[in-house]
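Report on the structure given below.
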There are 2 protein chains.
Amino acid sequence: MASGSRSAGRVRLKDVADRAGVSMKTVSNVVHDYEFVSPQMRERVQAAIDELGYRPNLTARRLATGKTSMIALALPVVDQPYYAEIARYIGEEAERRGYRIIVEQTLNGVEAERAVIRDREEGLVDGVIFHPVRIGTLEIARLRPGTPIVLLGESARPLTTDHVMIDNTQAARDGVELLLAENRSRIAFLADVRGDITESTHLRLLGYQEALLTAGIQPDPELVLRSDGFTIEDGVAAIAAAIERGIHFDAVLSRDDTFAMAALRALQAAGRSVPDEVSVLGWDDTVLAHSSTPALSAISPDKFAIATTALDLLEDRMKGYEGTGRHRIAPYTIIERGTTAALQR
Amino acid sequence: MASGSRSAGRVRLKDVADRAGVSMKTVSNVVHDYEFVSPQMRERVQAAIDELGYRPNLTARRLATGKTSMIALALPVVDQPYYAEIARYIGEEAERRGYRIIVEQTLNGVEAERAVIRDREEGLVDGVIFHPVRIGTLEIARLRPGTPIVLLGESARPLTTDHVMIDNTQAARDGVELLLAENRSRIAFLADVRGDITESTHLRLLGYQEALLTAGIQPDPELVLRSDGFTIEDGVAAIAAAIERGIHFDAVLSRDDTFAMAALRALQAAGRSVPDEVSVLGWDDTVLAHSSTPALSAISPDKFAIATTALDLLEDRMKGYEGTGRHRIAPYTIIERGTTAALQR
DNA sequence: ATGAAAGCGCTAACAT
DNA sequence: ATGTTAGCGCTTTCAT
């Protein structure tokens, strides 16, 4: 009847202090490995901690310090391979640096994205890493939160916000050049997706075009395939339609691994062999690339670098850096597996 | 010089109260949509909230209420398709119910798994959903935390802990029966992985064997393929070795989608067509199954059901339910795509 | 080297 | 219907 508050074995700092016959400060000192604590005192307090099974209440600590040691990671969805892999690396690296990750799926919703940068995590996290797809630069700049934030992905760089991405245009150019070096000259781009308001397609298409022009090839608009959506079925339909229309191509540069899978499927259905007749180059180098037959050659963003860079930038901000937006380019490589090869003629 | 604490526009409940000329309680009332607030008062307070841009500090609320509205989700890794998909559904459902998810990757580490059920999240989350792979029933029961917990996956059911899984044995049986119905009689199981200490293989192998016996077929130990690891390369090697040794089989039941991809690759390399010569049935029905060519037939656990059931169980516990461990079986289906077909003879 | 006490911002009795 | 105030458990000056 007296000590009503001790529910479920919850042991508080005060309890340890009482047990050890010292003040809370002293207990706090040993919990934090404060340097100037006499060995015997440390031992005595530690004993009390162990006996009572004391664990600091993190929520209380947070309120007192103002630091949450948590970072929100806002992604469109966590089960799409590219995002899943980004989440994995950010999760691992955050753990290493002493942060926990709260995952937020925006599910391609404009409102959900707005919520992320507006208020969603107020006082909950120290910072947020956000991969927007629906809202643009201006809106992000306008709705700037009090919380440190770093952006991921291809959206154009807001001047006021930190940002990490790979050089999409350069990567597309490199991809096309690789295909060109394999004697491919009719290179299809898969695909310009209807309703895609993101910046990435634009940038990639730019690189695609530049590489072609540089090689003295006039880009053929017919080779920029159209798709009605982002699913594998949409991709299959796009390729199938092109074949149907008699459009000739001997290589395809895909906007992501999923569409590359689509190309593999549609090509096989059409009886065209990969890579003998047509090369296909994926983008993202996800688990899909490793799993397909033949294994997919792909442009491979350095996801580990993306994760560490994002965290570097974010930690700066969390430590008080207030400069204008920084813009980091993460490296990528092109990994050749089984879907690209020199054309024999 | 006077109001030193107002850093970075941080607005507190008290500030709103002062601005509106009311008490904190009244502000709190409107923040929480408390019923008995006069309309004009509500309006006045709301105006102050808007003007000041007030957002409740969630950490403080947590400390006061003792509820964190956060759930830890501890998975081996978040970028393996099956786990990624589970994470997605749990994330979505948790959001719907008003919880946030903290993701914890145990990376197949024993210590990381122990940490999860021991103390890792003390006072940080209201409960944890945990998919163990390294630690067993007994250890879990022994290290039982003060925090509500529900287990996912095939580890044997600890009597004291809630648990959701699919009926692995039955699913394997159904899978084999489907293959049998397609006139396949030499069904390989891919694979018994060396060093795999999890319960799942055991359970699945049991169902595999039962189905065979029921059909009057004596299981051939040679058809239980061995693999040195869990990667696709390991799977390819296992199948290739079997073919090399001249072991005949006309179907393969795979322990997961990754190994099914391996089967597709090894079979193609050996010039054996799928599904004409050999059927392959995957397990998990992940994005890999949708992406391959041919698209993979697979045993498909109802991941949405797993997510909602786990959350149901966990919410019970968080509300104080203290009974013994409950054990829920989630449904599954078998989805036939392009890698299974009746054997023509 | 250790102790006392004032917050951190919010909630929830309890009072009016 | 609205106001007062004592915590929630920890950190952190400021004393000693």
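Within every chain, numbering begins at 1; the chains are lettered A, B, ... in the order of the sequence lines, protein sequences first and strands thereafter. Not measured: the values here are computed from a predicted model. Computation of the quantities below employed the complete heavy-atom set of this structure, encompassing side-chain atoms and omitting hydrogens, waters and symmetry-equivalent molecules.
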I want to confirm an ordering. Mapping A:Thr65 and B:Val37 to their closest nucleotides on DNA chain D, which one lands closer to the 5' end? B:Val37
Using modelled atom types only, decide if a donor and an acceptor are shared between the side chain of B:Arg328 and the backbone of B:Ala310 within a distance under 3.5 Å. no
Does B:Ser38 have a side-chain nitrogen or oxygen under 4.0 Å from the phosphate oxygens OP1 or OP2 of D:dA1? no
Nearest listed nucleotide, side chain of A:Asn57, among C:dG9, D:dG3, D:dC10: D:dC10
Helix axis bend for the helix from C:dA1-D:dT16 to C:dT16-D:dA1 - C1'-based end axes, five pairs, 10° rounding: 30°
Judged by each residue's nearest nucleotide on DNA chain C, which is more toward the 5′ side, B:Leu63 or B:Lys25? B:Leu63
Carboxylate-amine/guanidinium proximity below 4.0 Å for B:Glu113 and B:Arg134: no
A:Phe36 has its side chain closest, among C:dT2, D:dC10, C:dA1, to C:dA1
At 4.0 Å (heavy atoms only), tell me whether B:Met24 reaches a base, stays on the sugar-phosphate, or touches nothing. base
Output the single nucleotide from D:dC10, C:dG3, D:dT2 whose closest atom is nearest the side chain of A:Val22. C:dG3
Looking only at side-chain atoms of B:Ala64, point me to the closest of D:dT4, D:dT11, C:dG9. C:dG9
Per nearest nucleotide of DNA chain D, the residue lying toward the 5' end, B:Ala60 or B:Thr26, is B:Thr26
